[in-house]
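All values below were derived from every heavy atom in this structure, side-chain atoms included, with hydrogens, water molecules and symmetry-related copies excluded.
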Amino acid sequence: MNSDGFPTVWTMVDALTFGDTLHLIDLMSPGNLRAISAKFGCTSTEFVSWMGCMNFIRNACVHNSDLIDIKLKTKPTPPDVYKDSIQTAPGGYSNGIAIAVYILKYLMHFVNPNYNFHNIKETLGNIIGGDDSVANALGFASHESTALLREPLLDD
């Protein structure tokens with residue numbers, strides 16, 4: 001129990017799936033949803049969209065799906081600070097893995113600003129190999145776009 005007499009967040013994490021947690025977010029009052037979204041520097045609509053994307057990616061990982069070739073059917077709005085680093089496509093942005101990577105990068109800044117994305121950046125760099133066409137296929141604007149994964153949040 002916390003100081004208010006409620007179970008801690010760790011109890012919730014242990015008892016609920018990520019999908020269950022998303023259902024709770026969907027049921028939240030607009031005011032509470034705005035308060036949580038503000039902690040992540042985004043709108044309520046962005047937060048719900050981004051959490052849905054993270055749930056999809058999490059489920060793909062759990063079921064051994066190939067994330068590199070994954071194509072998002074419902075494309076979330078990318079964080080504003082990374083929009084120039086995502087390949088554009090008719091009707092908006094690419095549906096490749098890049099958008100999910102940048103959403104994760106953005107959200108992690110608020111959870112742990114010191115999180116090291118080195119392994120993710122290096123792995124993507126090895127796959128892309130300096131080839132813009134491969135980067136574009138994954139949803140990145142160019143092979144140089146992955147360099148942002150090592151940088152602090154662009155708004156800092």
Side-chain angles (χ1 to χ4, degrees), residues 9-10 12-14 16-26 33-156:
V9 71
W10 299 116
M12 181 191 75
V13 169
D14 192 42
L16 298 176
T17 66
F18 195 69
D20 291 338
T21 304
L22 289 179
H23 290 299
L24 290 175
I25 289 170
D26 286 338
L33 185 54
R34 276 191 303 274
I36 289 175
S37 301
K39 298 281 185 190
F40 289 95
C42 62
T43 67
S44 298
T45 302
E46 288 170 328
F47 184 72
V48 169
S49 171
W50 295 350
M51 290 293 99
C53 178
M54 293 295 98
N55 188 53
F56 175 75
I57 295 300
R58 179 245 175 234
N59 288 341
C61 290
V62 168
H63 298 290
N64 297 316
S65 294
D66 180 5
L67 284 183
I68 290 300
D69 295 325
I70 206 161
K71 299 297 179 200
L72 304 173
K73 289 183 181 174
T74 303
K75 294 185 275 187
T77 302
D80 286 338
V81 296
Y82 296 118
K83 284 183 177 179
D84 291 340
S85 299
I86 299 171
Q87 176 73 18
T88 56
Y93 294 92
S94 167
N95 61 347
I97 192 66
I99 198 164
V101 170
Y102 286 124
I103 288 170
L104 180 62
K105 167 73 172 153
Y106 185 85
L107 293 171
M108 277 304 296
H109 172 77
F110 295 94
V111 174
N112 179 2
N114 297 317
Y115 184 82
N116 185 344
F117 275 80
H118 176 76
N119 290 339
I120 296 171
K121 186 227 175 276
E122 292 303 313
T123 300
L124 286 168
N126 291 336
I127 292 166
I128 293 168
D131 186 337
D132 281 342
S133 65
V134 175
N136 295 159
L138 298 176
F140 293 97
S142 73
H143 72 276
E144 297 162 337
S145 298
T146 61
L148 293 175
L149 296 174
R150 295 289 311 270
E151 304 295 325
L153 189 64
L154 295 175
D155 273 346
D156 284 355

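Residues meeting the side-chain contact (heavy atoms from CB on, under 4.5 Å) test with Phe40, sequence neighbours left out: Ile36, Cys42, Phe47, Leu107, Phe110, Val111. Scored by the side-chain contact (heavy atoms from CB on, under 4.5 Å) test, Asp131 finds Ser133, Val134 as partners (sequence neighbours excluded). Every residue two or more places apart in sequence or in another chain was checked for a side-chain contact (heavy atoms from CB on, under 4.5 Å) with Ala35, and none qualifies.
A donor-acceptor pair under 3.5 Å is formed between the side chain of Tyr106 and the backbone N or O of Gly41. Between the side chain of Asp20 and the main chain of Thr17, a donor-acceptor pair closer than 3.5 Å is present.
Applying the salt bridge (charged side-chain N to carboxylate O under 4.0 Å, His left out) test to pairs two or more places apart or on separate chains, those with a residue in residues 70-82 are Asp80-Lys83.
Shortest non-hydrogen contact noted between Ser142 and Asn136 is N-ND2, 4.1 Å. Nearest heavy atoms, Ala60 versus Ile70: CB-CD1, 3.8 Å.
Distance CD1/Ile127 to CD1/Ile68: 3.5 Å, rounded to 0.5 Å. In this structure, Met54 CE and Cys61 SG are separated by 9.5 Å, a value rounded to the nearest 0.5 Å. Here CG of Asp26 is found 12.0 Å from CE of Met51. Values are rounded to the nearest 0.5 Å. Residue Lys39 holds its NZ atom at 15.0 Å from CZ of Arg34, rounded to the nearest 0.5 Å.
The shortest distance between side-chain heavy atoms of Trp50 and Pro79 falls below 4.5 Å.
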_Stepwise side-chain contact (heavy atoms from CB on, under 4.5 Å) check, Ser37 with Thr43_ = CA-CA 6 Å; Ser37 301; Thr43 67; 5.9 Å; no
Taking distance alone, no hydrogens or angles, what donor-acceptor pairs closer than 3.5 Å link side-chain atoms of residues 116-124 to residues at least two apart or in another chain?
unit_1, atom_1, unit_2, atom_2, d
Asn116, OD1, His118, N, 2.6
His118, ND1, Arg150, NH1, 2.7
Thr123, OG1, Asn119, O, 2.8

Side chains of residues 91-104: which donor-acceptor pairs under 3.5 Å do they make with residues two or more places apart or in other chains?
unit_1, atom_1, unit_2, atom_2, d
Ser94, OG, Gly96, N, 3.0
Tyr102, OH, Ser145, O, 2.6

